[in-house]
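Note sheet for the following structure.
Basis for what follows: all heavy atoms, side chains included, without hydrogens, waters or symmetry-related copies. Heads up: numbering here begins at 1 and tracks the sequence.
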Amino acid sequence: MSCAVSATMSGAKRGLQMPNLQRVSNYAETGNSGQQATPDPGPSPDSEAAIEHPQDELTELAEVTAAVTALTEQLRKHDARAAARERVIDRLHAEVERLRAGDQVTLLRPVVIDLQRLRTQLLHQAHTLPKHIDVEDVLRLLESFAFSAELALERCGNSSVEPTVGEPFSPREHRAAGIVPVASHEADGTIVEVLAEGYRNVQTGRVTAPALVRVGRWIPLPQGRPSPPAEQAGQQEEESPDA
């Protein structure tokens, strides 16, 4: 009986001593700082995956590097093609300008020749014109010069157009240089006088220079008022007895 009690007491003492030993061990591990040691959480799953699969990350990095390199090469080729297109456009533009200048010279060559001849004729007539010349001779001379200029215009595809007196006024073909009163309603809006001829393109039929004309305008008078000629005749009859 005494042996059993002594064994029980010995077990209880050992049970009380074990926590004290544990506390002493923890105090020694913290370095007598009074703080409890934090347990080590251990390696994270991501770091373990990185450690276990380093080859996968290297492969992805190599793929990204290859894609960037390919994109850079495509951009370089695109810039090179754009620069080549710009050079071609500049060369074609220069050729067009050169051809355009040559075409202008070719087209204007007949006109230039006619103008040179006309100038030569004018200078010759100016130096050889007699001191006493008839008006009719001057008219014929000027008409010959006008005919030479008309031939030069025809070489350029333009022909002269002379409107007739009495035809309706057309803003597309005529240019009004003045308004002339007319006595009848039928003459309203018609050409009364031609001051200068117009010119028309032979191929397109469009007017290149409108003719300069004067247009008639009829103004109706109030009822009971005599027309201007009748009113002037009445004034002359009243002035004649006084004279």
| When you measure from the side chain of His93 to the backbone N and O of Ile89, does any donor-acceptor pair fall under 3.5 Å? | no

| task | With rounding to the nearest 0.5 Å, note down the distance linking CZ in Arg175 to CG in Leu195. | result | 10.0 Å

| Pair listing, salt bridge (charged side-chain N to carboxylate O under 4.0 Å, His left out) test, anchored in residues 198-210, at least two apart | Glu173-Arg200

| Do you know the tightest heavy-atom contact between Gly198 and Ala211? | N-CB, 3.6 Å

| query | If Ile, Leu, Val, Met, Phe, Trp and Tyr residues are connected whenever their side-chain heavy atoms lie under 4.5 Å apart, and connections chain through other members, are Ile191 and Ile179 in the same group? | reply | yes

| Selection residues 186-199 - residue pairs positive for salt bridge (charged side-chain N to carboxylate O under 4.0 Å, His left out), sequence neighbours left out | Glu193-Arg214

| request: Taking all non-hydrogen atoms of both residues into account, name the closest pair between Cys156 and Val111 and its distance. | output: SG-CG2, 2.7 Å

| Taking the side chain from Thr208 and the backbone from Tyr199, do they hold a donor-acceptor pair closer than 3.5 Å? | yes

| task | Determine whether Val194 and Leu142 fall in the same hydrophobic cluster, where Ile, Leu, Val, Met, Phe, Trp and Tyr are linked whenever their side-chain heavy atoms lie under 4.5 Å apart. | result | no

| task | State plainly whether one hydrophobic cluster holds both Val138 and Leu122, where clusters connect Ile, Leu, Val, Met, Phe, Trp and Tyr through side-chain heavy atoms under 4.5 angstrom apart. | result | yes

| note | The reported gap from CG in Leu118 to CD1 in Ile113 (rounded to nearest 0.5 angstrom) is 13.5 Å

| For the residue pair His185 and Trp218, does the interplanar ring angle fall in the parallel (under 30°), tilted (30 to 60°) or perpendicular (over 60°) class? | perpendicular

| Contact summary for Ala152 and Asp114, nearest pair of heavy atoms | CA-OD2, 3.4 Å

| task | Heavy atoms only: give me the nearest Ala177-Leu212 pair and the separation to one decimal. | result | CB-CD1, 3.5 Å

| said: List the residues meeting side chain to side chain donor-acceptor pair (under 3.5 Å) with Glu73, not counting sequence neighbours, and say none if there are none. | reply: Arg76

| Nearest-0.5 Å distance that lies between atom OG in Ser160 and atom CD in Glu154 | 7.0 Å

| Does the side chain of Val192 come within less than 4.5 Å of Val182's, by heavy atoms? | yes

| field | Residue pairs involving residues 81-98 (criterion salt bridge (charged side-chain N to carboxylate O under 4.0 Å, His left out); sequence neighbours excluded) | value | Glu97-Arg100

| remark: Sequence neighbours excluded, the answer for side chain to side chain donor-acceptor pair (under 3.5 Å) partners of Asp137 is Arg140

| query | Nearest heavy-atom pair of Gln125 and Phe145: which atoms, and what distance? | reply | CG-CZ, 3.4 Å

| query | Any side-chain heavy-atom pair from Arg117 and Ser148 closer than 4.5 angstrom? | reply | no

| message | Restricting to side-chain contact (heavy atoms from CB on, under 4.5 Å), what partner residues turn up for Leu129, sequence neighbours left out? | response | Ile133, Leu141

